[in-house]
Amino acid sequence: MWRVDPPAEQILPVLVLLVVFGLFLVIAGLARERRLLLLRLRREQDKLADQQDALAHAAVTEERTRIAHELHDVVAHGISMMTLGVGAGRMIMEKDPARARETLRLAEESGRQALLELQRMLCLLRTEGSPGTRTPQPKLSDLSDLLSQVRTAGLMVDVIEDGRPVEIGLALELSAYRIVQEALSNTLRRARAHSAHVTLRWRPGFLDVLVRDDGQVTTTATTGHGLLGMRERATLFGGTLEAEALPEGGFEVRARLPTAGEVRSGPRPAA
């Protein structure tokens, strides 16, 4: 029986076609897997973006609530002073009219200040929270105690007051104090910082608060909740806050807070 083998010229095209078809299937499969991976990646990126937005919103809400709790104490103090002033003025009205008028004037100023801070608090507060404590909130004159605590923690720090201090509201004093406190706390948390410098620069119409350290800059230094809280405190009064790494090393926080009023007669913060 005779067997006829196909010539090589006929087998080669078939083999080439099979190889090409196989490569096509492999490439098609890889392309499909790539599309699936890209789709999955986009979904994960969208999910991560949603989570980051939720975390940022929660952080803002938390900071605003905490600030509003502190402003609650400031408002309560102002109302207490107003009530005491009105009561004292009523009692001495007949015996000493001039003193009574001055007492009532001070009570009126306390009432106006309390109303202003209450309006700020209502604009800021977004969520329900627990009532504030009765502990007096710190002022700029309390910076010496804060600096002592920071030095005890191992950080050399000094404060310089430049310019002529003016009378400002308790809420604004509280915000300036908290900005210094949070900036120094960030310096301690970043570690490897040996010293820090605090400057209170009084100028007509505003107060500059500057905190500079010689520590190493980390990602959390520019993205943490502390920076968010400081910025919220500054913008609450129409001010600004900037924070950045310094070319020569270290980190600096600069806050500009609008002010108005007369020359301060109280004590200044000690270095």
A.B. asks: Between Leu140 and Leu207, does a side chain to side chain contact (heavy atoms under 4.5 Å, CB included) hold up when you go through it step by step?
C.D. replies: CA-CA 12 Å; Leu140 290 177; Leu207 165 64; 4.3 Å; yes
A.B. asks: For the residue pair Arg40 and Arg43, establish whether any side-chain heavy-atom pair is separated by less than 4.5 Å.
C.D. replies: no
A.B. asks: Is the shortest side-chain heavy-atom distance between Leu174 and Pro138 below 4.5 Å?
C.D. replies: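 In short, these two side chains touch, coming nearer than 4.5 Å.
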A.B. asks: What pair of heavy atoms forms the shortest contact from Glu161 to Pro165, and how long is it?
C.D. replies: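 Scanning both residues completely, I find the closest heavy atoms to be OE2-CG, 3.3 Å.
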A.B. asks: Would you name the heavy atoms of Ala193 and Gly215 that are closest together and state the gap between them?
C.D. replies: CB-CA, 3.5 Å
A.B. asks: Shared ILVMFWY cluster between Val166 and Leu200, side chains joined below 4.5 angstrom?
C.D. replies: yes
A.B. asks: Check Pro258 against Gly238 and note the closest heavy-atom contact, atom names and distance.
C.D. replies: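 Smallest heavy-atom distance, with atoms named: CG-O, 3.8 Å.
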A.B. asks: We want to know whether Asp158 and His197 form a side-chain donor-acceptor pair, criterion being a heavy-atom distance below 3.5 angstrom.
C.D. replies: yes
A.B. asks: Any heavy-atom pair between the side chains of Trp202 and Arg164 that's under 4.5 Å?
C.D. replies: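 Counting from C-beta outward, Arg164 and Trp202 never come under 4.5 Å.
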A.B. asks: Please list all pairs meeting salt bridge (Lys or Arg N to Asp or Glu O under 4.0 Å) that have one or both residues in residues 27-36, counting only residues at least two apart or in different chains.
C.D. replies: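 Applying salt bridge (Lys or Arg N to Asp or Glu O under 4.0 Å) to every pair that reaches into residues 27-36, excluding sequence neighbours, yields nothing.
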A.B. asks: Are Phe251 and Leu246 packed together at the side-chain level, in the sense that at least one heavy-atom pair is separated by less than 4.5 angstrom?
C.D. replies: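 No, too far: nothing below the 4.5 Å cut-off.
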A.B. asks: If you measure from OG on Ser175 to CE on Met230, what distance do you get to the nearest 0.5 Å?
C.D. replies: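 Separation between the atoms: 12.5 Å.
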A.B. asks: With Leu241, which of Ile179, Val209, Leu257, Thr235 fulfils side chain to side chain contact (heavy atoms under 4.5 Å, CB included)?
C.D. replies: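 Per the side chain to side chain contact (heavy atoms under 4.5 Å, CB included) rule, the option paired with Leu241 is Ile179, out of Ile179, Val209, Leu257, Thr235.
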A.B. asks: Measure the NE2-CE distance between His194 and Met156 for me, rounded to the nearest 0.5 Å.
C.D. replies: 12.0 Å
A.B. asks: Would Leu210 end up clustered with Leu146 when hydrophobic side chains under 4.5 Å apart are linked, directly or stepwise?
C.D. replies: no
A.B. asks: Say you draw a straight line from CG of Leu236 to CZ of Arg231; how long is it, rounded to the nearest 0.5 Å?
C.D. replies: 14.5 Å
A.B. asks: Please tell me if the side chains of Lys139 and Leu170 come closer than 4.5 Å, counting only heavy atoms from C-beta onward.
C.D. replies: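 The answer is yes; the side chains approach within 4.5 Å.
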A.B. asks: Can you name the residues that form a salt bridge (charged side-chain N to carboxylate O under 4.0 Å, His left out) with Arg254, not counting sequence neighbours?
C.D. replies: Glu242, Glu244, Glu252
A.B. asks: Can you tell me if Arg99 has over 12 outside heavy atoms packed within less than 6.0 Å of its CZ?
C.D. replies: no
A.B. asks: Do Thr187 and Val157 have side chains that approach each other closer than 4.5 Å (heavy atoms only, starting at C-beta)?
C.D. replies: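 In short, these two side chains do not touch, never coming nearer than 4.5 Å.
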A.B. asks: Distance check, rounded to the nearest 0.5 Å: Thr240 atom OG1 versus Arg256 atom CZ?
C.D. replies: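 Thr240 OG1 to Arg256 CZ: 6.5 Å, rounded to 0.5 Å.
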A.B. asks: If you measure from CG on Leu155 to CG on Leu184, what distance do you get to the nearest 0.5 Å?
C.D. replies: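 If we round to the nearest 0.5 Å, Leu155:CG and Leu184:CG are 7.0 Å apart.
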A.B. asks: Heavy-atom distance under 4.5 Å between the side chains of Leu143 and Val180, does that happen here?
C.D. replies: yes
A.B. asks: At what distance, to the nearest 0.5 angstrom, does CG of Asp162 lie from CG of Asp208?
C.D. replies: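 It is 9.5 Å, given to the nearest 0.5 Å.
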A.B. asks: Any chance the side chains of Arg178 and Gln181 put a donor and an acceptor closer than 3.5 Å?
C.D. replies: yes
